Amino acid sequence: MSEFVLLRHRDIPEIKELKGYQKQGGFEAFKKAVTKLDPNQVTEIIKTSGLRGRGGAGFPTGLKWSFMDPDNWPHYVIANADESEPGTFKDREIIEENPLQFLEGVAICSYAVGAQTAYIYLRGEFWQLAEFLDRKINQLEKASLLGENLFGTDYSLTIHTHLGAGAYICGEETALLESLEGKRGLPRLRPPFPPSYGLYGKPTVVNNVETLTNVPLILEHGAAWYRDLGTEDSAGVKIFSLSGRVKKPGNYELPFGSTFRELIYEHGGGILNDAKLKAILPAGASSAILRASDKVLDTPLEYASLRKLGSDLGSGSVIVIDETVSMDWVIKKTIDFFKHESCGKCTPCREGNYWMGYLTQELQSGVIKDDQVELLYDIARNIQGKCLCALGEFSVMGVLTSIKRFPEDFGREPK
Amino acid sequence: MSDLLSKYTKEIQKILDKYPPERKRSAVMPLLFLAQRNEGYIREGALSEIGEILDLQETEVATLVGFYTLFHDQQAGSYRIQICTDLCCALRGSEEFLTGLCEALEIKPGETTRDGLVTIEEVKCLAACDKAPMYQVQGEAGISYHENCTVEGTLELISEWREVTPDQEELK
Amino acid sequence: MSEKVTLRIDDQQVTVEEGLKVVDAAKIAGIDISVFCYHPKLEAVGACRMCLVDIGRPQRDRNTGELILEADGTPQIYYSGILETACTVPVAEGMVVDTTSEMVTKSRQDILEFILTSHPLDCPVCDKGGECSLQDLTFNYGLSDSRFPLAEKIHLGKFLPLGDLITLDQERCIQCSRCIRFQKEIAADPVLAFYHRGRKANIVSYSNPPFDSYWSGNTTDLCPVGALTTKDFRFEARIWEMNASPSICSHCPVGCNITLNTRQDPKTGRKTIQRVMPRQNEWVNELWMCDKGRFAHQFTSSEERLTRPLARNAKGKLKPVSWGKAIKIAAENLKSHPDSLVTLVGGRLSNEDLYQLKLLTEGLSGKAVLNSYLAGGDLTAKVGLGKGTNLQDLGSGTAILVVACDLEEEAPLWWLRIKAAAERGAILIVANPRKTKLDRFANYILRYEYGKETQTILDLISKKGEVPRAFKEAENGLILYGAEGMDFVTSQELSGACANLLIKTNHVGRKNNGLIGVWPDANSQGAWDMGFTPEKDLADCLTGAESLIIAGADPIGDGIIEDLSGKFLLVQELFLTETAAQADLVLPVMAPTEKSGTFTSGERRVQRFETALPPQGECLADHEIATALGESLGLEMLKGSSEIMLEEITLNQPDYGSLTLEALCEVPEQRPIVDSDALSYTGTVFKNTSGVGVQLSPEAEKTEIILKKPSPSKRKIGKGTLAVPVTHLYDQGIMIRTSEILHPRLITYQLIINPKDADKKGFSDSSQVELKLGDKKYNAEIHLDPSVPEGVILIPRSMGIPLDGPERAVLGPAK
Ligand SMILES: Cc1cc2nc3c(=O)[nH]c(=O)nc-3n(C[C@H](O)[C@H](O)[C@H](O)COP(=O)(O)O)c2cc1C
Ligand code: SF4
Ligand code: FES
């Protein structure tokens, strides 16, 4: 068996092709589900496995599936392949290299929630990936692994790809739904949540690509097997996208409970030019930024522990900052991003990022003035807790935490 | 029949088939990509054609062109080289790469080379943070990724394009 | 009835219907929660974040479901620590809302500060100044200095035309999207949208013409800032300089409640209308009005208005005379032709005018005739809408049949409300030979050929099928009928068929049931009720008269008759119409804005309007003229104000017996609550303080109505292309032609045909052609529209080609 759960192509390259994938038992889990299990049983297995969403929020996956409104049909499944958070590039590798396991995950999820149509929403830049997936889907249809009356049952499933066109906000699940409906990607009010009111107003499960790619093996090996791979708090494995000032950036699939130290120094080969590690953004540009320390480096990578550190695991996009980089520049970069990506629907995010963009730019242009830092901090605080969707909240994390945790980079006395 | 419809009859049908018939508005973004395919930007006339196919007001189509950054309402070079200069790539030299490439092409970011072949644009994260410097090329053939790039390699690529693409200036 | 919920808002116990949003519940309790994006008639989006409040909820034990109590026995309240948008959170039992806490106040200041970072602060030159929510709220909560450097403000386009009627100032826009949502949700014209995203987003319209909608003016009422303003009001006046007079729109039978904002022009000293605004009446127009009503007010101040009586002198020229002289001339002439007086009136006269004219006519044993191509006012009095009907209440359980009219063109507000009823689940049946905008919302569309309208309705009575069943089985049923493609005679048949259908399906004599005529004018229904009836052959009737009083009608201009010479012709008019130009005596009358009185709407709601302007020149009200004439002829006439006349009407017109001035002026509680001091909630729509009017009871509420079933006339029209009359909102009628601002939107074509027919003849859009109707020839401009049936020419009324009913026509190249 592969040492990987998700990145299995790394030791079984032929898994990319249907024959190779089937040789590894591919689509047996889907067949088992459709022919032997009741949809609720599938959901139950996923619940027990402890799988949580890998798109950032970490919501228990089985629980989400069980929320689908049974009185409103049809149901839809959407795989979220928008992957636009700076520092995140795991879903792309999965789709490129292990596409069939992902598609099988989509299929099993669809069966579990009674969906006969599933969409894969890919960021528009993944144009080639979408074509590639279309070919794979076509193969599966030819092999009767997708389509009408699967495995001789009355269950049918069609999977379609759908391309976004350049908007980070469309990764937010309700903005994604709007976009898929042919509108501007503006987040909807929640509640109602997608499992009761989703695509076209119908119950919809939105799951991240990585989340879904876990599903076939959970069905194959059982919930307990998956649980045991991780920690008490966080079951299973996670792909960490490592980037920034490290020697070997890339995706690393690790069981939960591994540490930053292992990730950065063992897998990532340490810091570029062997410089000193300064800061870690554990969840991409939206991270609450951590000041590097032994305590941080030895913290197990799992949802609860990171929260205790005053940060979040998010989608596991670890950006490494070394001593050559100043934090005022880092937040200028993150704010540039959020300013560019704010959909503009809600006031604090739209105007606040515009304002923070001006201030972070000012900080770059010469001597740092303390009252400007103070103002920046205040603006960020004023945005916090007032936004319609998480993007606005994300945008201030870097600002607040870096001013607080790296005062020296803002012309202030270190604490 | 509209230009778009007559040119891409089959493709349009395939796109429409993806969505429930009463939800054909979902096809608007795929159709915009289609409209953009040839000229690299969306003519205003295409908006009403798409509107007609999908029973939408032109305004409802236009608003999407404005919202999504991969749609363009202005003509640019035949190839748009869109370099990621977002945080992770910038930590790995993408800004220097951008400067270097722009100097070599004698244009500034956002500008198009004199022959109308290449436009250099800065973009946000493209989910290739481990392979900086990187860019995507948006052109007639859709979008393709280029990773771990160098200025020299890119210039070579551009000269390959130049060989197969007629000079825009001469065409005029 | 919906369940009630009790909650606490700022130390007030409030009991409201379940499902209400916190912001609405607070409003009912008299507490204003400031909003920008929220509007009670639009879907909540929770975008501006201005309405953030602190909400606590009672805690329940997870296992038992019981409330957890404090030591003092009150429920323990849990606060999340995060503010919530009052515009999206529904009320819940036991909820505690704090709208004044420090956190809430700070939050409002923060949001205002954010909005102001991009706002140009050009209040001194902003037309919204004085009624701007942003200005008001900044005044209440704002900080006086800006922490955002002024020089860094984003700059966007100013004073951009957004279509012909609306001006857009992009940098004032706060992106609340009310305008976009109004156009999409209420008007179903999604012709506004944002372009770009984030701070760069701005309002655009790609329609042709831009902002192509009959509803555009409403967006300026909704806009909480001065981003959208109307062109007619631009830089004209400040809000606080104006007077507000309650009025009723005089352009169509809906009877929208409006407010006329007037001001003394500092230069001319003349009082003029600065703008027309909707006034809330949830039974009639809710908070809306159409652009025709809003912008076609300039006719009142038109230079072309008649201001002095004119009499024909010895040389045959119309020359000014004094009123005394004029009345004398009239009396002498009327006396000398005693037997065959015909008084022809139009539906723009008030009930009071009509009543007096009727008295005068009766006193002279004349005939009281109404100018209307639509028949059936007698039937609407019998089986019209039941008292208490509110189209807004209709939804599932109601079937609505709209036949032979294009509602948005003829009675726009009804279109809006019928469409909304369909969206709420009412069964909508649209019967018309061609596609109209209402079709989009119809459950059933009945296409018939022009000429088959009555048969179509009779079939609903006699035949079985889904549509007849749907109409019959609905709890409530109502019919709106018009006269598209019809003349008076066929319209009489159609109205009869409709009334029969209602009676047969038991949809009469009850609230939310009955018949509505889509009348040509604002008070056509009132004219029927006052005893004026149309003639089968109006031309014949006019020819037969020896003396004529024509008030508010232009039979010559309408092409009904060509020549009225040889009789004594007295015309009471606003303008020198073609008929007036042939008159022996022309008496200038007040516009509705210059007098008070009542109109009876198509829903048979009697509504009062008040005097807003002094009369132009020497103009008198039509009823004053009638009184003076009557008196000089020795008739016993009632004298006095319109109020006294109204009282007389209630005494003598049985239907109107229930009316009193007090009842007309009553203002029951309306939702949403419009409050001129809290503009952010409903915008600049005016609060109704002077009455929502009284709906009359149709006869069917008292007695059973039995009608003879009409049989459709078997008139032969022959073969070939068929020309039929239709009604267009922006035609070239005198009341609209005289309003300059609407000029670019008025239609210029006289014929509408199918592109295929045009192709066959080699015509294209805007081609000039020659139209032969009988032995008459007209030069005309063509407009192409694929929804016109092939072989048919639509001829909009009031465009210069008189066409009474369907007629064979020949199209040829212009000569
Ligand atoms: C601004 C924003 C961007 C997001 N982008 C993504 C994304 O690119 N991919 C993704 O899977 N989830 C993204 N999410 C999270 C989704 O809203 C959603 O929680 C997720 O797709 C659910 O899938 P999961 O339960 O499998 O994680 C984003 C959320 C926000 C607020
Ligand atoms: S123009 Fe006015 S109504 Fe429209 S979004 Fe802007 S502020 Fe809101
Ligand atoms: S968010 Fe509630 S009024 Fe705008």
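Lettering follows sequence order; numbering is per chain, from 1. All values below were derived from every heavy atom in this structure, side-chain atoms included, with hydrogens, water molecules and symmetry-related copies excluded. This one's a predicted model, so the numbers in the text were calculated from it and none came from an experiment.
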(request) Write down the atom of B:Cys125, the atom of A:Ser84, and the distance for their closest heavy-atom approach. (result) CB-O, 4.3 Å
Without swapping roles, check the side chain of [X] against the backbone of [Y] for a donor-acceptor pair under 3.5 Å.
X        : Y        : answer
B:Thr69  : A:Gly166 : yes
B:Ser26  : A:Leu180 : yes
B:Lys18  : A:Thr161 : yes
A:Arg92  : B:Leu126 : no
B:Arg25  : A:Gly182 : yes
B:Arg23  : A:Glu181 : no
B:Tyr68  : A:Gly185 : yes
A:Lys333 : B:Thr85  : yes

(request) Answer with side chain, backbone, both or neither: which region of B:Ala141 has an atom nearer than 4.5 Å to a non-hydrogen atom of chain A? (result) backbone
(message) What part of B:Gln36 gets within 4.5 angstrom of chain A, counting heavy atoms only: side chain, backbone, both, or neither?
(response) neither
Is the shortest side-chain heavy-atom distance between [X] and [Y] below 4.5 Å?
X        : Y        : value
B:Phe67  : A:Cys343 : yes
A:Phe337 : B:Leu87  : no
B:Ile143 : A:Phe126 : no
B:Leu91  : A:Trp329 : yes
B:Arg92  : A:Leu272 : yes
B:Tyr145 : A:Glu125 : yes
B:Leu70  : A:Leu163 : no
A:His162 : B:Pro30  : yes

Can you confirm whether [X] is buried at [atom1], in the sense that more than 12 heavy atoms of other residues, nucleotides or ligands lie under 6.0 Å from that atom?
X        : atom1 : answer
B:Glu22  : CD    : yes
A:Lys247 : NZ    : yes
B:Glu96  : CD    : yes

(message) Students often mix this up, so state it plainly: with edges at 30° and 60°, are the rings of A:His160 and B:Tyr19 parallel, tilted or perpendicular?
(response) tilted
Mind ranking [options] by heavy-atom pairs under 4.5 Å with chain B and telling me who comes out on top?
options                                : result
A:Gly284, A:Gly344, A:Ser317, A:Gly244 : A:Gly244
A:Ala167, A:Ala285, A:Ser179           : A:Ser179
A:Glu341, A:Arg123, A:Glu83            : A:Arg123
A:Gly164, A:Pro249, A:Ser243, A:Cys170 : A:Pro249

Quick check for you: to the nearest 0.5 Å, what is the distance between [X] atom [atom1] and [Y] atom [atom2]?
X        : Y        : atom1 : atom2 : answer
A:Phe89  : B:Lys131 : CZ    : NZ    : 7.0 Å
B:Cys88  : A:Glu85  : SG    : CD    : 9.0 Å
B:Cys129 : A:Leu242 : SG    : CG    : 10.5 Å

Heavy-atom proximity to chain B below 4.5 Å, by part of [X]:
X        : answer
A:Ser241 : neither
A:Tyr168 : neither
A:Asp322 : neither
A:Lys183 : both

(request) Tell me, out of B:Ala27, B:Pro20, B:Cys84, B:Ala132, who's got the most heavy-atom pairs with chain A below 4.5 Å. (result) B:Pro20
(message) Quick check on the interface: out of B:Val61, B:Leu64, B:Val28, who has the most heavy-atom pairs with chain A under 4.5 Å?
(response) B:Leu64
(request) Using the side chain to side chain contact (heavy atoms under 4.5 Å, CB included) rule, take A:Lys248 and B:Asp130 through it: C-alpha gap first, then chi angles, then the decisive distance, then the call. (result) CA-CA 8 Å; A:Lys248 290 195 290 175; B:Asp130 53 337; over 6 Å; no
